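Below is one structure, written out as structure tokens; the observations come after it.
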Protein chains: 6
Amino acid sequence: MPNPIYVINPNSDTAVTAGLDAAVAPLRLAGGPPIECVTLADGPRGVQTQLDVDTAALSVHRFAVDHQGHASAFVIACFSDPGLQLLRETVGVPVLGISESAVLTALTLGQTFGVIAILQGSIPRHLRSWSAMGVAGRCAGEVAIGRGVSALADRPATLQAMCDAGRRLRDERGAQVLVMGCAGMAPFREPVQQATGLPVVEPTQAATAMALGRVQLGW
Amino acid sequence: MPNPIYVINPNSDTAVTAGLDAAVAPLRLAGGPPIECVTLADGPRGVQTQLDVDTAALSVHRFAVDHQGHASAFVIACFSDPGLQLLRETVGVPVLGISESAVLTALTLGQTFGVIAILQGSIPRHLRSWSAMGVAGRCAGEVAIGRGVSALADRPATLQAMCDAGRRLRDERGAQVLVMGCAGMAPFREPVQQATGLPVVEPTQAATAMALGRVQLGW
Amino acid sequence: MPNPIYVINPNSDTAVTAGLDAAVAPLRLAGGPPIECVTLADGPRGVQTQLDVDTAALSVHRFAVDHQGHASAFVIACFSDPGLQLLRETVGVPVLGISESAVLTALTLGQTFGVIAILQGSIPRHLRSWSAMGVAGRCAGEVAIGRGVSALADRPATLQAMCDAGRRLRDERGAQVLVMGCAGMAPFREPVQQATGLPVVEPTQAATAMALGRVQLGW
Amino acid sequence: MPNPIYVINPNSDTAVTAGLDAAVAPLRLAGGPPIECVTLADGPRGVQTQLDVDTAALSVHRFAVDHQGHASAFVIACFSDPGLQLLRETVGVPVLGISESAVLTALTLGQTFGVIAILQGSIPRHLRSWSAMGVAGRCAGEVAIGRGVSALADRPATLQAMCDAGRRLRDERGAQVLVMGCAGMAPFREPVQQATGLPVVEPTQAATAMALGRVQLGW
Amino acid sequence: MPNPIYVINPNSDTAVTAGLDAAVAPLRLAGGPPIECVTLADGPRGVQTQLDVDTAALSVHRFAVDHQGHASAFVIACFSDPGLQLLRETVGVPVLGISESAVLTALTLGQTFGVIAILQGSIPRHLRSWSAMGVAGRCAGEVAIGRGVSALADRPATLQAMCDAGRRLRDERGAQVLVMGCAGMAPFREPVQQATGLPVVEPTQAATAMALGRVQLGW
Amino acid sequence: MPNPIYVINPNSDTAVTAGLDAAVAPLRLAGGPPIECVTLADGPRGVQTQLDVDTAALSVHRFAVDHQGHASAFVIACFSDPGLQLLRETVGVPVLGISESAVLTALTLGQTFGVIAILQGSIPRHLRSWSAMGVAGRCAGEVAIGRGVSALADRPATLQAMCDAGRRLRDERGAQVLVMGCAGMAPFREPVQQATGLPVVEPTQAATAMALGRVQLGW
């Protein structure tokens, strides 16, 4: 039995983790690695501020150090990728961040991507990431739905806001593919795709798929 | 039984296809899609000139149109990604190019990537691709080994040239991860990695892994 | 008598060719090369899809190979520049693409250029070109008029749509110069310029002018 | 008496702090804010790994939260700018990072800057920063001297290595201004400038000068 | 008594100079250099056209050459930075331009900056500057208020127009920090900041603060 | 008889003007505009410093204003393009700069261009131009030959230095096309091309060719 890929939800919202667990289910293949989605109990309810992000980086690191002996890969399932570079420097297995992987995957689905963010305050952080990745030129824009992580649980209101944001990104900014900018948005991928007619990337799926490949290939 | 992922080698060199077949073997998982590596018999011995590339685009397209009814995805296994945008416009399943996928994967393994090209004449074509992808800023450089596709079959000489190129990219250009710039280089991934101490991306593995994820996720 | 500059219209729409012929007439100078505008009879009615583009590349190549012995230069008169890199690798005379030349010329007429495209589906292809050229930062935006090549023949409706697009590019995106994104738009340069008050680049004129210079200079 | 500007050395090396104290002395002006250089006793000997950086971010944050009531500004005196965005989100006074300020200052002293790093492993982190800042195009390169923070105390060897690195950046990479890539290099500014003939930016001076301006201007 | 920092207003509008004098007053510190704001009597009423800019460059140069013997630094107080590179090549003391310094300072206050320009015709000139500085990717946009330098004297109308422009930059372009794009706007910093809720950079303050630091540090 | 294209040599070196006159001769066509190469007698011996450039801008402007009534276009034949934006704002005919036109033309001849500069001090000025044009990503590098404008008259030594520079740009920087970075280098285009095997762009030819096209097309 191979070691699992750990998909780490650094916030303490187990509903988010449940959503991720369902989202990555199709990537659980006989003969492939198990995929375990875990909740960091000491995390905040939602990773929203820079303090949340920087604190989460160390929580994720502690988890990874504790589990690296029997892990085949780690996926950091928060759209701020807390601890991504830290884990890459310290653990000997593949480490994928959902934000980075989502954008890389989006680049195969359209020439310009748009991001549906949760909060306005997340956008500067994202823009720094796209620039640090050197792909800012392909970002058509970001629109925030103005809902924190726990407010995503109101599904009809969240879906409506996401579809509105997606249409604005498509029509006003020219986005050709959408990226959902929060792990907690996982349940909304398909309806947003249907509503907008654009391909929609679910970040944790994107990252876990990349992790699966890396584990199987052994590099 | 799910439809296969077709890995299309657009040149007629079956030794190259055999190398790809071995390279992607770890991605064949029970419950996952079969992965079939095919050789386009009407292709050139190696896709090296722009005429090769542009001709190959239409050959790949013919193959894809013929097989799209029972394919789950297509991987274009030539580092010039012939027909990539064409297939994306015409077939209804995921299409991945090995050059694009290799670079996207490399971006998760180092801040700057270097490319080991086969021929000097390939480099401008690659540079146009990295620019079109918007990631040229992360390319530390390219070094050609001066060997055409069929000359790769002389394994000791090829390996020596690849290791030399990899060390130059590492030491003179600051590359932190290497991308092998030809499908025919697949058998050399591990020894180049050992010789250079840098992670090395094998493009067909990178693209097939991304295809596997997309197939399983259904988007 | 010097060899002609061939201006190749890769679609089979002779009305488009006639428009080009009129557009380049002022570049026919005594002592300079003849300028012959040709229609590729085997081309599609309009080069609109990626399949059209990739097929046209090979048609253009065949024409160029057949005529290179008595050509002083080739201009590829389709805004997707089909076969541009291919011809540059294979024929020994100057090769200009109208899309590339139009944008380079626009860079001398304003700090930011806007493109009037025919169809929405052309825009991603154009964006890849501006990025591959390394000039995407100077593109203020593109607006499609939603008319295919043959629909351009309805002149009043086309002109109206082009002027609307030009004003949007000027007012909403800050374009300081406009590029007409289709060879078939040649007859509309002057009225669009008058309607928008911005300089307007007709691509085939731009490319043929650059070809004329190269022919005269012998490099 | 105005509140002080706190210059925070997040490592525990008091010799580094002493060097900073001397470096910023000319910025202590009658009528201006006091400038207090402090050592975070719980910090590592040198901030060198990503774990050091991410841990330091929270230490710096704790210090800033504790002192914000009587601070006029904070300068984060570590070239990885640990906690920069975090402090900007949480404290109500100006926050400057020495890496960011050094590069911004360097942009006024030459068209291309080179960075003298301490360790090879720091360079990817720096490159991500220049990209996130959007100024990577002006970085001519980085050269590491291969000495950790505490090894800087061997002054003759350090100076020799820094001058060698500076000359390589000038001659091989075309750097027109040098940035010293570690707070601990403060004592070496003048001799490196003399040895290379290039202007040399001392990062803590650069950041403290910007902080002084912001404090005086009240924004 | 140290030599003064000369803040050079290259237009002949003494009301503008008076505004600058008030703006930089907080940077006059006991023990620091005097700061003298001067008006170039032979300048135009406002530096608005490229001819104004290019003429002003030589006026500024003459002033600097005449005064370099007893100057500690020069600040060019016109948002087109006339003579910036010229002075840097010719005088032996620090030279700061208010446009360059304003943008560099803005980069520490938000991820994307917006510029409030006086006239539409200034915008291409500014865009060339941000590109030449390599920071165009961080410019969210520019909006002109359509008022020349002397028209700024109508304070209520100017303030209204500036607040409108600032809100558009914030809401339509996503600017996180505003830069006032004319020296004559100095009196409006605080009310625009209050009206928009964004940090606002006054360029002459930004440049003079950087000059003060450079003078004190002796490099 | 159409009005002439004025090719303005802003330095007073008539040998340079004679070289330009020979270089543009092939662009003099029956039925086309005359091409007059003029020397600005009040110019410096060579435009080498920023003071030369900024002074030359106004000289060029005076000439253009005096001659605009009977000019069909102006070409500014100095590689610093003095007065380029100024003339574009003030005269009603096409204005081309040789530096801008040379680089735009080079972009059609190779993916990466290298520049042979006269003096090291010119390089930062050029880099600012390529960045302002948004094409810096395609500049492989610049190498100075260390000879001022008047020293170019020693033809054997100049040619040797240019060929050395060209080979370094080709072999160490990967340049695929060379641009001669001074109007005074016009006589050396062909031998440098032969020595390096790369296409070589002579800037005044490139600009005059673009001017010829613009004049004939009437826009």
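Values in this document were obtained by computation on a predicted structure and should not be read as measured data. Below, chains carry the letters A, B, ... as their sequence lines are ordered, and counting in each starts from 1.
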Taking every non-hydrogen pair under 4.5 Å, which of [options] racks up the most with chain D?
options	value
E:Glu202, E:Gln111, E:Arg88, E:Arg28	E:Arg88
E:Val135, E:Thr108, E:Leu104, E:Leu212	E:Thr108
E:Ala30, E:Gly213, E:Ala23	E:Ala30

Pairwise side-chain contact, D:Leu109 with E:Trp219, heavy-atom cut-off 4.5 Å (strictly under): yes

Which bit of [X] is near chain D, if near means a heavy-atom gap under 4.5 Å: side chain, backbone, both or neither?
X	result
E:Leu107	both
E:Glu100	side chain
E:Ala136	neither
E:Thr105	both
E:Val201	both
E:Leu96	side chain
E:Ala25	neither

Residues 178-195 of chain E: residues contacting chain D (heavy atom under 4.5 Å, by number): E:Arg189

Minimum heavy-atom distance between D:Gln216 and E:Leu29, given as atom pair plus value: NE2-CD2, 3.3 Å

Main-chain N/O of D:Gly134 paired to E:Arg138 side chain as donor or acceptor, under 3.5 Å: no

Crowding at CZ, D:Arg168 (>12 non-hydrogen neighbours, <6.0 Å): no

